[in-house]
There are 2 protein chains.
Amino acid sequence: MVSTLTIQGACRAGKRLSDAVYETMLDGIISGKLKPGTIVSEVAIARQLQVSRTPVHDALRQLAKDGLVRQRANHRAVIAEFTAADIHDLYQMRKLLEGEAARLAAKGMDRATLAHLRETADMLAQNRDRADWTELWADFDEEFHNAIAKASGSPRLWQDIARYHLLHRGFNKLGTTPEGLEHALEEHVRILDALEKRDAKEAQRAMVDHLQEWQAYFVNRFPKKPGN
Amino acid sequence: MVSTLTIQGACRAGKRLSDAVYETMLDGIISGKLKPGTIVSEVAIARQLQVSRTPVHDALRQLAKDGLVRQRANHRAVIAEFTAADIHDLYQMRKLLEGEAARLAAKGMDRATLAHLRETADMLAQNRDRADWTELWADFDEEFHNAIAKASGSPRLWQDIARYHLLHRGFNKLGTTPEGLEHALEEHVRILDALEKRDAKEAQRAMVDHLQEWQAYFVNRFPKKPGN
DNA sequence: TACACAACAAGTGAATGCACTTCCTATTAT
DNA sequence: ATAATAGGAAGTGCATTCACTTGTTGTGTA
């Protein structure tokens, strides 16, 4: 049995239960409680969350559209597995989208956000031995890429980047090492330097280089074939 | 009352009814039967298609995720309306994505596809007075951009381009003129020339220029404010 | 006349029930 | 012993029903 899921946000007024289920399962996938390849049944999830099958069914269709689960009619859903080719393609897209976002953000990002990111990066650099460093890093990574995407000034670019970052978070807990994360932090700092200098070209280059490294790092860690 | 929708594809085995409803409504939006701003109720659609509300509800959530309808909890859905800023942003994305696709397709597109596109383009150029020219053009436009996206070799790029092309098709019937379409055909030919010469840079440039013109053409034709 | 409020109509969201499909297992025949 | 098949268990998809929310209309009052 999969480790327990519980509905996170209290279902406040004007919010759908199916959205709460969606976010709960999303969190389950990102946090690693629901591992790739896991077969999930609507009834099981419904029992676990103490809701009916209807909102679970809805949530699964949304997750399928995000590419986080795979669904066939009349079959149970499975948490998405990634092949090396998938990961390669995913990072090709991230390089394109986030490179563009970094370029635009060099002009558009306001000083307050810039200062806040710098502050957090410094904090992380100075606390490398903390036990929860990996979690802190994950939060910072999320915030960093999101802030750049938002500062691009393009809502659609922001949205698409968020979508791909979601996929990234869906598997990146599987194979990361502390050294890899520390190196990634240095790359973030390089991007931050460029943003502060308002150097669009360099910001784009730094972002693409950063993602290029992760791409190379990850691609080898995934199977060539879809099965297991 | 909205002009009648009917379920298109026979619901073959292993296919969901909700998917059929989704495609039917998608077609309705693209073809213009469901105009932007139209308020659609689940019960009305369900009655019209002679199905229960369940698959309609499902289909609307999918369409909402595509950005083709807007939904609030406990409210009826409305067919998405676009502001000038939306259109601008949409085309910024298309330039980024399809520019990249054209660049990649210059190397990746096979000769047969290239020849077929050239053939169709020539046919269109020589039949400018046909009554159904606009429909022929729409089909060609769809095929052309799709072929390039596919030839990029990146499944995700292809998928995202298709999604944005869907949005494009959702409104482009509203304000196109015959002269505009003929000009667009010439631009397609320029892209085609570059692809045949395997000139990646020029293919990208031609694609971006092409979309740039449509962007400029469209942006002024949409209201600044979301309402009407 | 204008405004507030109550009752009702209409709609969505979730739960339940039902039909059909898929998968697993046990039994039987070779 | 193994393979094929039949039957049941489990699951999904759709329809229906119920609960609750929203918007509207009409009436009463200031």
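Every chain is numbered from 1 and lettered A, B, ... according to where its sequence line falls, protein lines coming before strand lines.
When each of C:dG13, C:dG11, C:dT22 is scored by its nearest atom to the side-chain atoms of A:His75, the top-ranked nucleotide is C:dT22. Nearest nucleotide to the A:Asn74 side chain, out of C:dG13, D:dT12, D:dT22: D:dT12. Of the candidates C:dC23, C:dG11, C:dG13, the closest approach to any side-chain atom of B:Arg76 belongs to C:dG11.
For the pair B:Arg16 CZ and D:dA15 C1', the interatomic distance rounds to 17 Å; values are reported in whole Å. Protein atom CZ of B:Arg47 is 11 Å distant from nucleotide atom C1' of C:dG11, rounded to whole Å. When rounded to the nearest whole Å, the span between CD1 of A:Ile45 and P of D:dG11 equals 12 Å. Spacing between atom CG of A:Asp19 and atom C1' of C:dA14 amounts to 13 Å, rounded to whole angstrom units. Regarding A:Ile39, its CD1 atom lies at a distance of 14 Å from the C1' atom of D:dT12, rounded to whole Å. Taking atom CD of residue A:Glu42 and atom P of nucleotide D:dC14, one finds them 11 Å apart after rounding to whole Å. Separating the NZ atom of B:Lys15 from the C1' atom of C:dC20 is a distance of 19 Å, rounded to the nearest angstrom.
Using a 4.5 Å heavy-atom cutoff, the side chains of A:Asp141 and A:His168 are in contact.
Side-chain contact of B:Lys95 with B:Gln92: a donor-acceptor pair under 3.5 Å is present, judged by distance alone.
Taking the six-membered ring where tryptophan is involved, the planes of A:His210 and A:Trp214 are perpendicular, since the angle between them exceeds 60° and thus also 30°. Aromatic ring pairs are classed by plane angle as parallel below 30°, tilted from 30° to 60° and perpendicular above 60°; the pair B:Phe144 and B:His188 is parallel.
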For residues 51-58 of chain B, dump all side-chain donor-acceptor pairs below 3.5 Å to protein atoms at least two apart in sequence or in another chain.
{"residue": "B:Ser52", "atom": "OG", "partner": "B:Thr54", "partner atom": "N", "Å": "3.2"}
{"residue": "B:Ser52", "atom": "OG", "partner": "B:Thr54", "partner atom": "OG1", "Å": "3.4"}
{"residue": "B:Arg53", "atom": "NE", "partner": "B:Glu42", "partner atom": "OE1", "Å": "3.1"}
{"residue": "B:Arg53", "atom": "NH2", "partner": "B:Glu42", "partner atom": "OE1", "Å": "3.3"}
{"residue": "B:His57", "atom": "ND1", "partner": "B:Glu42", "partner atom": "OE2", "Å": "2.5"}
{"residue": "B:Asp58", "atom": "OD2", "partner": "A:Arg61", "partner atom": "NH1", "Å": "3.0"}

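Counting heavy atoms of neighbouring residues, nucleotides and ligands inside a 6.0 Å radius, atom CH2 of A:Trp158 does not exceed 12 of them.
Of the residues in residues 49-73 of chain A, those lying under 4.0 Å from DNA chain D by heavy-atom distance are A:Arg53, A:His57, A:Ala73.
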